[in-house]
Amino acid sequence: MTTPFPFTAVVGQDDLRLALLLNAVSPAVGGVLVRGEKGTAKSTAVRALSALLPQVPVVPGCRFSCDPVSPDPGCPDGPHETGGGVERPARMVELPVGASEDRLVGALDIERALSEGVKAFEPGLLADAHRGILYVDEVNLLHDHLVDLLLDAAAMGASYVEREGVSVRHAARFLLVGTMNPEEGELRPQLLDRFGLTVEVAASREPDQRVEVVRRRLAYDDDPAGFASRWAEEEAEVRARIVAARELLPSVRLGDGALRQIAATCAAFEVDGMRADIVMARTATALAAWAGRTDVLAEDVRQAALLALPHRRRRNPFDAPGLDEDKLDETLEEFGGPEDDDPDPDPGPDGPGGGGGQPDPGEGPEGGDTGARPEAGEGGQPQPSGGGEQSAVRPSEPFRTKVLSVPGIGEGLAGRRSRARTEHGRTTGARRPRGALTKLHLAATVQAAAPHQRARGRSGPGLVVRRDDLRQATREGREGNLVLFVVDASGSMAARQRMSAVKGAVLSLLLDAYQRRDKVGLVTFRGTGADVALPPTSSVDAAAARLESLPTGGRTPLAAGLLRAHDVLRVERLRDPARRPLVVLVTDGRATGGPEPVALAGRAARLFAADGVASVVVDCESGPVRLGLAGQLAGELGGTAVTLDELRADSIAGLVKDVQRRAA
């Protein structure tokens with residue numbers, strides 16, 4: 001077994017370590033989501049936490065880690081008698097991003113269930129994680145059907161496995177810890193809210209601290225066991241402090257003053273629901289216990305707000321996480337301090353505000369700027385050949401758009417845009433299983449087995465079923481697509497009010513792409529050429545940031561934009577062949593610059609039609625006299641054209657024929 005990197009040897013990252021330790025003290029806090037750039041010790045710190053957790057008493061031989069003091073009465077391995085437990089280390093179970101549903105929740109032996117009536121159940125990762133840690137690295141890349149299962153288990157504290165009337169239930173209460181790089185895309189709001197705390201991490205910009213990180217990592221790689229032994233004393237101290245804080249936790253008093261501050265803070269930041277209030281209360285209590293106090297102070301409430309609220313105040317994926325600390329301080333001051341309940345609270349061993357409580361405070365702060373970072377590649381925008389460039393304008397308010405989809409049936413990753421053959425969705429037929437059976441089609445299985453019952457010597461009421469009789473249900477659901485935006489940023493689009501409306505429309509489509517779990521890319525063209533402003537990615541907010549900073553001006557190299565988009569799709573098809581593309585061209589249809597620009601644009605457009613790429617042209621032409629160039633371009637592409645008004649879901653004018661009809 002590999003020796004884990006010691007938790008106390010992690011340099012800096014104070015907020016990350018504090019959030020993890022608070023969950024170790026009080027698992028009811030609800031887990032932690034760690035957001036940050038790659039290479040910032042996110043996974044290292046999480047994996048190191050399990051070694052600090054106290055031992056867990058379990059019923060001997062129970063595969064579901066039942067507590068011997070109060071065993072689960074519905075445990076599949078039960079019933080258990082109380083008492084007589086054994087202790088084992090707390091588990092940290094890792095959920096791979098590409099795990100199957102059966103690997104997560106467990107699986108029933110369908111053949112034995114049908115032929116013998118036996119509930120032969122193999123536990124999954126949720127059973128392994130019960131009373132421990134469930135860790136998901138790159139949690140934002142987790143497939144939607146696994147997210148749904150996690151949400152159900154987190155909400156009910158139990159996992160249910162059902163297959164054609166045969167069901168198994170077992171307890172599944174775990175500490176959910178996830179790490180993610182926001183550049184890869186955001187989490188669904190429902191799963192985001194299930195994390196009690198969130199932490200933003202970034203690499204330190206202090207040379208001395210970076211040197212210490214490298215020194216410790218190299219020492220660990222050379223001799224993991226020896227390095228861990230040098231930190232054994234610090235690890236033991238933190239482990240003992242966690243045990244002491246757990247014992248003190250029931251004695252911590254959360255007074256009316258603290259509760260008033262918590263409620264006022266959540267109301268001031270307009271967070272949805274009441275979960276934020278509850279999480280803040282539990283976090284503030286855990287902070288007091290970690291500091292060795294029996295009273296919650298204002299510093300605890302403030303720290304709890306900084307950990308529990310940033311990810312709950314976002315209204316859409318384009319909002320930057322974080323809190324206005326000045327507003328937070330004003331709210332806490334206005335509604336008084338919890339010290340009003342007790343004029344002389346016990347300051348604890350660390351004194352007031354000891355909520356940080358890091359094992360090695362001398363290491364200094366985490367360093368680095370965790371706020372908004374300058375957008376990389378902003379300077380890579382193509383420059384027009386001449387003057388006339390206008391600065392970027394802000395987009396108008398986004399709106400709900402009509403659904404744009406790709407014709408036919410695909411087999412890409414699960415999403416919510418286009419029809420696809422998936423493991424989830426409505427049943428459309430049956431086939432022989434390829435490999436393990438996952439979704440039984442009961443009627444087709446019975447129909448296949450029925451003609452052979454006499455030959456198989458059936459004598460009782462049961463149906464004699466063999467492996468060859470089993471039929472896998474084929475299902476139709478929805479998939480996510482690659483939505484490639486090709487945006488005209490030339491001078492013909494540069495009128496400020498017009499460009500603001502265009503950006504608002506694209507922003508609305510980006511929001512729709514986020515909700516439908518698409519990948520997105522952004523190609524812009526103006527001046528003398530085209531530029532890939534954002535390669536295909538799951539980070540929709542990155543595309544929104546590129547769009548907002550997009551300047552306009554210069555000529556209209558429409559052909560260059562189309563050719564660059566065609567090249568992007570060609571490369572992406574090699575990387576992700578199952579994901580089907582949808583090209584959204586935002587332009588007024590004009591083409592200028594170079595010899596025969598209109599004819600060249602037409603030839604470039606016909607490349608998409610020849611490849612069968614679904615496309616939609618958003619016609620941005622305005623004014624009383626319209627040339628209809630965007631409609632002609634849509635014909636060359638083999639797609640459809642919609643105006644900005646028709647793009648709205650609530651517009652009176654209907655969308656000009658769904659692109660699905662082109663398949664007819």
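Starting from 1, each residue takes its place in the sequence as its number. Model, not experiment: these values are computed from the prediction.
Between E476 and R419 there is a salt bridge, with a side-chain nitrogen of the basic residue lying less than 4.0 Å from a carboxylate oxygen of the acidic one. Salt-bridge check for D193 with R275: passed, with a basic side-chain N closer than 4.0 Å to an acidic carboxylate O. Salt-bridge check for D72 with R173: failed, with every basic side-chain N at 4.0 Å or more from each acidic carboxylate O. Salt-bridge annotation for R400 and D512: absent, with no side-chain N of the basic residue lying under 4.0 Å from a carboxylate O of the acidic one.
Going from atom CG of D152 over to atom OG of S159 covers 9.0 Å, rounded to the nearest 0.5 Å. For the atom pair L104 CG and L95 CG, the distance stands at 5.5 Å (nearest 0.5 Å). Here the CG-CZ distance, from L197 to R282, works out to 11.5 Å after rounding to the nearest 0.5 Å. The line from CG of L125 to CG of D102 is 11.0 Å long, rounded to the nearest 0.5 Å. One distance of note links CG of L482 with OG1 of T537; it measures 10.5 Å at 0.5 Å rounding. In this structure, L33 CG and K42 NZ are separated by 10.5 Å, a value rounded to the nearest 0.5 Å.
Formation of a donor-acceptor pair under 3.5 Å by the R471 side chain with backbone atoms of D469 is found in this model. A donor-acceptor contact shorter than 3.5 Å is absent between the side chain of Q472 and the backbone of P433. Remark: side-chain polar atoms of N140 are not paired, donor with acceptor, to backbone N or O of L187 under 3.5 angstrom. Using modelled atom types, no side-chain atom of T401 and backbone atom of R648 make a donor-acceptor pair closer than 3.5 Å. Here the side chain of R417 pairs a donor or acceptor atom with the backbone of L404 at under 3.5 angstrom. Distance alone, capped at 3.5 Å, places no donor-acceptor pair between the H452 side chain and the A455 backbone. Between the H311 side chain and the F195 main chain, a donor and an acceptor come within less than 3.5 Å of each other. In this structure a side-chain-to-backbone donor-acceptor pair under 3.5 Å is present from D518 to N481. R580 places no side-chain N or O within 3.5 Å of a backbone atom of V613 that could act as its donor or acceptor partner. Between the Q453 side chain and the V464 main chain, a donor and an acceptor come within less than 3.5 Å of each other.
Closest approach of P407 to A614, counting heavy atoms only: CD-CB, 3.6 Å. Closest non-hydrogen pair, A153 versus L126, comes out as CB-CD1, 4.0 Å. When all heavy atoms are compared, the tightest approach of V34 to L16 is CG2-CD1, 3.5 Å. The heavy-atom pair separating G631 from A641 by the smallest distance is CA-CB, 4.1 Å. The minimum heavy-atom distance between L522 and A543, with the atom names listed, is CD2-O, 4.2 Å. Nearest heavy atoms, L647 versus A505: CD2-CB, 4.1 Å.
No side-chain heavy atom of V139 sits less than 4.5 Å from a side-chain heavy atom of T179. Between Y160 and V168 there is no side-chain heavy-atom pair separated by less than 4.5 Å. Side-chain contact check for L507 versus F399: every heavy-atom pair is 4.5 Å or farther apart. Two residues are said to be in side-chain contact when any heavy atoms from C-beta on lie closer than 4.5 Å; V483 and L509 fail this criterion. Side-chain atoms of F121 and H170, non-hydrogen and from C-beta on, do get closer than 4.5 Å to each other. Within the 4.5 Å cutoff, the side chain of R475 has no heavy atoms near those of the T428 side chain. Here the side chains of R35 and P310 are not in contact, with every heavy-atom distance at 4.5 Å or above. In this structure the side chain of L582 never reaches within 4.5 angstrom of the side chain of S615, judged on heavy atoms.
Every residue two or more places apart in sequence or in another chain was checked for a salt bridge (charged side-chain N to carboxylate O under 4.0 Å, His left out) with R194, and none qualifies. Contacts of R47 classified as salt bridge (charged side-chain N to carboxylate O under 4.0 Å, His left out), with partners at least two apart in sequence or in another chain: E94. Remark: R63 pairs with D77 by the salt bridge (charged side-chain N to carboxylate O under 4.0 Å, His left out) rule, at least two apart or across chains. Residues meeting the ring pair (Phe, Tyr, Trp, His ring centres under 6.0 Å) test with H80, sequence neighbours left out: none. Shown here are the salt bridge (charged side-chain N to carboxylate O under 4.0 Å, His left out) partners of R88, two or more places apart in sequence or in another chain: there are none.
Side-chain polar atoms of D541 and S539 form a donor-acceptor pair below 3.5 angstrom.
Note: H130 and F64 fail the aromatic proximity criterion, with ring centroids not under 6.0 Å apart.
Heavy atoms from other residues, nucleotides or ligands lying under 6.0 Å from CD of E81 number 12 at most.
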Stepwise, does the side chain to side chain contact (heavy atoms under 4.5 Å, CB included) test hold for R312 with V279?
CA-CA 11 Å; R312 291 187 166 90; V279 171; 3.9 Å; yes
Tell me, with the steps shown, if S50 and Y135 meet side-chain hydrogen bond (donor to acceptor under 3.5 Å, both in side chains).
CA-CA 11 Å; S50 59; Y135 172 49; over 6 Å; no
Begin with the C-alpha distance, continue with both residues' side-chain angles, and end with the deciding distance and a verdict on side chain to side chain contact (heavy atoms under 4.5 Å, CB included) for C66 and V58.
CA-CA 5 Å; C66 280; V58 296; over 6 Å; no
Verdict with reasoning, L440 to T445, per side chain to side chain contact (heavy atoms under 4.5 Å, CB included):
CA-CA 8 Å; L440 178 73; T445 298; 3.2 Å; yes
Apply side chain to side chain contact (heavy atoms under 4.5 Å, CB included) to residues R456 and R466 and explain how you reach the verdict.
CA-CA 10 Å; R456 294 174 182 173; R466 295 181 179 173; 3.6 Å; yes
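The salt bridge (charged side-chain N to carboxylate O under 4.0 Å, His left out) with E411 is formed by just one residue from the set R421, R579, R478; it is R421.
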Give every donor-acceptor pair under 3.5 Å between a side-chain atom in residues 565-573 and any protein atom, sequence neighbours left out.
{"residue": "H566", "atom": "NE2", "partner": "D611", "partner atom": "OD2", "Å": "2.8"}
{"residue": "D567", "atom": "OD1", "partner": "R570", "partner atom": "NE", "Å": "3.3"}
{"residue": "D567", "atom": "OD1", "partner": "R570", "partner atom": "NH2", "Å": "2.5"}
{"residue": "E572", "atom": "OE2", "partner": "K519", "partner atom": "NZ", "Å": "2.6"}

